[in-house]
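The block underneath contains the structure these notes are about, expressed in structure tokens.
Below, read A as the first sequence line, B as the second, and so on, with proteins coming before strands; counting in each chain starts at 1.
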Amino acid sequence: MRLTNYLLPTLKESPADAEIASHKLMLRAGMIRKVAAGIYTYLPLGLRSVRKVEQIVREEMDRAGALELLMPMVVPAELWQESERWEQYGKELLRLRDRKDTEFCLSPTHEEVITDVVRGTVRSYRQLPLNLYQIQGKFRDEIRPRFGLMRGREFIMKDAYSFDLDDAGADSSYEKMYQAYQNIFKRCGLEFRAVEADTGNIGGSSSHEFMVLADSGEDAIVSCDCCDYAANVEKAQIRLARQEEPQPQGEIAQVATPGKKTIAEVAQFLGLPESRLIKTLLVRTDAGEQLAVLLRGDRDLNEIKLCRFLDCVEVEMVDEANVVKMTGAPSGFAGPVGLDCRIIADHEVRTMVDCVVGANIKDSHCSGVNPGRDFEVEQYVDLRQAQTGDGCPRCAGTLQSWRGIEVGHVFKLGTKYSQALGATVLDRNGKDVALVMGCYGIGIGRTVAAAIEQNHDDNGIIFPMAIAPFQVLITLLNPKDQQVVKAGEELYNQLLQAGIEVLLDDRDERPGSKFKDADLIGIPIRVTVGNKALKDDQFEIQLRAVGERQMMPTDETAPWLIAEVNRQLVR
RNA sequence: CGGGGUGUAGCGCAGCCUGGUAGCGCACCUGCCUUGGGAGCAGGGGGUCGGAGGUUCGAAUCCUCUCGCCCCGACCA
């Protein structure tokens with residue numbers, strides 16, 4: 001492709017509403033343009049990267065035995081009513097009516113549609129296993145779209161759905177997808193982790209998220225430094241520290257802590273580490289129960305673990321009026337001693353000795369407090385958020401925490417949708433059996449964004465070869481110099497014939513602008529054709545990731561480039 | 001949804017407080033000049049100042065409403 005025939009609207013400055021590197025760079029490099037909040041046009045350069053990821057996904061899905069199909073984006077309400085998600089899904093589901101006033105939605109995911117297809121086409125266990133996928137635009141009316149393609153409302157997703165006769169078959173389908181995902185993200189040149197994930201309120205068994213490691217990631221994950229345990233912090237378990245029988249020393253005593261309401265304030269005021277305090281959280285479940293949750297002062301509550309333990313969908317902090325009602329004091333001074341409600345605590349609290357808790361009296365805390373002696377805990381549970389330094393639940397190793405961008409998710413669905421929609425087959429015995437399903441998603445645009453997040457510098461993007469919009473960029477320094485044009489075009493044609501994706505910068509611009517654009521758009525290999533080097537029959541080669549320039553005889557350049565492109569693809 | 005902010009040329013911004021016929025940089029067009037890291041000079045095009053209503057002789061500026069966009073939001077006793 002010649003740049004003079006291309007649309008490459010690069011920007012010197014980043015638009016004010018872009019926050020993170022990938023968003024800024026994709027806008028500046030002319031890959032995307034915003035149309036509305038969370039809705040983007042993919043410009044030619046951006047689309048090429050998107051297509052690269054799609055193609056890798058397609059190849060690996062096909063290799064894993066999945067079949068591509070394409071479902072509609074506009075889906076009748078009645079399908080969603082059958083699964084009862086029409087009511088459950090909430091505002092993320094964009095609903096609309098046609099001219100006959102029939103209700104539809106823009107489908108944010110396709111369990112209903114695919115299940116409908118399968119129930120109408122698959123009758124026998126002999127047709128299983130089946131794994132169907134599509135690569136399609138999805139719409140979710142996110143509360144807060146942000147970070148460009150990272151969290152858009154409209155986005156491109158690969159979603160796959162597997163159907164098996166039984167759990168063993170479903171496990172095998174899941175394993176295949178897990179492996180395919182490993183291949184896909186490896187081929188994309190990403191540094192990632194597959195982590196155990198919370199299954200959310202869909203319930204069901206296992207689930208893994210594929211996380212690209214990046215500081216700007218919206219998810220927190222932990223991984224073990226010894227074994228391969230890795231999990232989303234929402235899910236991460238923590239090895240129990242060895243417990244010695246606590247030996248209470250002190251006597252309980254009320255201390256004045258005027259106006260000191262937070263853990264940090266109280267700890268500082270009393271000159272104690274936060275770990276000597278017990279944090280007393282008063283929460284209310286969605287069923288209306290109010291209870292106290294205790295944690296070591298320097299720990300954070302993992303609300304998902306709490307919900308799972310309490311068997312509820314969400315909990316909220318009790319409001320000020322009810323804090324007063326429960327404790328007799330304003331918020332900031334709640335403690336477990338003498339508290340008249342159910343009390344549960346994180347395991348760690350059991351080992352704490354002579355600690356400080358709220359006194360349930362305004363401007364007062366109690367010191368010398370000991371669990372078991374001074375108050376009763378109904379149950380000790382794993383409730384805290386895992387963090388760096390915590391023990392691995394699988395081995396003697398230590399957990400390390402990271403930020404991650406969720407680019408893929410594999411999930412065992414069970415029979416939720418097949419039962420709701422009546423997707424059954426006859427088994428060997430001629431008996432009707434509900435299909436066991438799995439679903440598997442990959443955010444295509446997000447994968448491109450994550451790759452940029454992970455591969456950029458101050459000057460711009462540094463694309464991994466596999467998803468670069470072009471593999472080689474040839475910059476003609478003096479496009480009016482016939483020698484330069486001739487040599488450059490010859491190389492260009494050689495590369496094209498070899499199937500290399502090459503972009504020829506034949507614009508009549510100053511060298512500086514061309515180099516800046518080249519760095520910005522991040523094509524992995526750059527060849528500079530200038531009249532000086534050409535006098536010695538040489539081109540200049542520069543790898544975007546490395547930066548150093550090297551001279552190369554013109555007749556050796558094409559073969560070298562072809563080899564280098566392939567070398568970087570295999571990696 | 002709550003809190004905060006913002007909306008002026010394609011992009012980045014000033015002007016608003018203190019009302020008086022809209023400006024800067026980049027980009028774009030023409031010409032000259034220049035050509036190894038976003039050159040220079042000269043000329044030029046482009047704006048219903050997000051929208052509606054109001055106050056006023058006069059509104060980008062003040063008031064009311066409205067829409068868009070951005071940021072933060074269980075953080076904890």
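- The nucleotide whose nearest atom lies closest to any side-chain atom of A:K34 is, among B:rA77, B:rC26, B:rC69, B:rC69.
- Residue A:V324 is classed as having no contact, given no heavy-atom separation below 4.0 Å to the nucleic acid.
- Nucleotide B:rU18: unpaired (no Watson-Crick or G-U wobble partner with both distances less than 3.5 Å).
- Annotation: B:rC67 and B:rA22 have their P atoms spaced 30 Å apart (nearest Å).
- Residue contacts shown for A:I143 include a base, since a base heavy atom lies under 4.0 Å away.
- For A:S513, the side-chain atoms get nearest to B:rG38 when compared with the rest of B:rG38, B:rU35, B:rC76.
- In this structure, the nucleotide among B:rA27, B:rG37, B:rC69 sitting nearest to the side chain of A:R153 is B:rC69.
- Taking the side chain of A:A16 as heavy atoms from C-beta on, and the options B:rU35, B:rC13, B:rG38, the nearest nucleotide is B:rC13.
- Separating the P atom of B:rG46 from that of B:rC32 is a span of 24 Å, rounded to the nearest Å.
- With B:rG36, B:rG37, B:rC1 as the candidates, the nucleotide lying closest to the side chain of A:Q542 is B:rG37.
- As a whole-Å value, the separation of A:K514 NZ from B:rU35 P is 14 Å.
- For the P atom pair drawn from B:rG51 and B:rC11, the interatomic distance equals 15 Å after rounding to whole Å.
- Here B:rC69 sits opposite B:rG5 as a Watson-Crick or G-U wobble pair (both hydrogen-bonding atom distances under 3.5 Å).
- Figure legend. B:rA52 is base-paired to B:rU64; pairs are counted as Watson-Crick or G-U wobble with both atom distances under 3.5 Å.
- Summarising the local packing, CD of A:E548 is surrounded by 12 or fewer heavy atoms from other residues, nucleotides or ligands at distances under 6.0 Å.
- Within 4.0 Å (heavy atoms only), A:R526 reaches at least one base atom of the nucleic acid.
- Rounded to whole angstrom, the span from the CD atom of A:Q268 across to the P atom of B:rA77 amounts to 14 Å.
- Between the NZ atom of A:K91 and the P atom of B:rC1 there is a distance of 6 Å, given to the nearest Å.
- Backbone-only engagement by A:I263 is indicated by non-hydrogen atom pairs under 4.0 Å involving sugar-phosphate atoms exclusively.
- At the heavy-atom level, A:T327 lies nowhere under 4.0 Å from the strands shown.
- Nucleic acid contact class of A:R33 (heavy atoms, under 4.0 Å, all strands): none.
- Between B:rU34 and A:R510, no contact under 4.0 Å exists linking OP1 or OP2 to a side-chain N or O.
- A donor atom on one side chain and an acceptor atom on the other are found under 3.5 Å apart for A:E406 and A:H409.
- Regarding A:L11, its CG atom lies at a distance of 10 Å from the C1' atom of B:rG12, rounded to whole Å.
- Where A:Q385 and A:K516 meet RNA chain B, the nucleotide closest to each residue was compared, and A:K516 sits on the side nearer the 5' end.
- When the shell of 6.0 Å around CG of A:N493 is examined, it contains more than 12 heavy atoms from other residues, nucleotides or ligands.
- Taking only distance into account, the side chain of A:E13 meets the base of B:rG25 through a donor-acceptor pair shorter than 3.5 Å.
- Here the nucleotide nearest the side chain of A:D519, chosen from B:rG37, B:rC76, B:rC70, is B:rG37.
- When the C1' atom is compared between B:rU21 and B:rU61, the two are found 14 Å apart, to the nearest whole Å.
- Here B:rG12 presents its C1' atom at 13 Å from CG of A:L27, a figure rounded to the nearest Å.
- A salt bridge between A:E348 and A:R299 is present, with a side-chain N of the basic residue lying under 4.0 Å from a carboxylate O of the acidic one.
- For the P atoms, the distance from B:rU48 to B:rC71 is 27 Å, rounded to whole Å.
- The NZ-P distance, from A:K480 to B:rU35, rounds to 11 Å in whole Å.
- Toward the 5' end of RNA chain B, the nearer of the two residues A:R549 and A:A18, judged by each one's closest nucleotide, is A:R549.
- When distances are taken from the side chain of A:K12 to each of B:rA77, B:rA27, B:rG36, the shortest belongs to B:rA27.
- With a cut-off of 3.5 Å on both pairing distances, the Watson-Crick or G-U wobble partner of B:rC32 is B:rG40.
- Under the 4.0 Å criterion applied to side-chain N and carboxylate O atoms, A:D390 and A:R384 are assigned as salt-bridge partners.
- Side chain of A:D300, nearest nucleotide from B:rG37, B:rC76, B:rA77: B:rC76.
- As rounded to the nearest Å, B:rG20 and B:rG15 have P atoms that lie 14 Å from one another.
- In this structure, of B:rA74, B:rC69, B:rG36, it is B:rA74 that holds the atom nearest to the side chain of A:E303.
- Look at CZ on A:R28: it is 14 Å from P on B:rG38, rounded to the nearest Å.
- Salt bridge present: A:R151 and A:E142 bring a charged side-chain N and a carboxylate O closer than 4.0 Å.
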Please lay out, stage by stage, how A:S401 and A:T388 fare under the test side-chain contact (heavy atoms from CB on, under 4.5 Å). CA-CA 5 Å; A:S401 67; A:T388 295; 2.7 Å; yes

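- For B:rC49 and B:rC62, the C1' atoms lie 16 Å apart once the distance is rounded to whole Å.
- Which of B:rG12, B:rG36, B:rC26 sits closest to the side chain of A:P15 comes down to B:rG12.
- In this structure, the CZ atom of A:R299 is 18 Å from the P atom of B:rC76, given to the nearest Å.
- Taken from CD1 in A:I521 to CE in A:M26, the straight-line distance is 13.0 Å, to the nearest 0.5 Å.
- Only the C1' atoms considered, B:rC76 is 22 Å distant from B:rG4, to the nearest whole Å.
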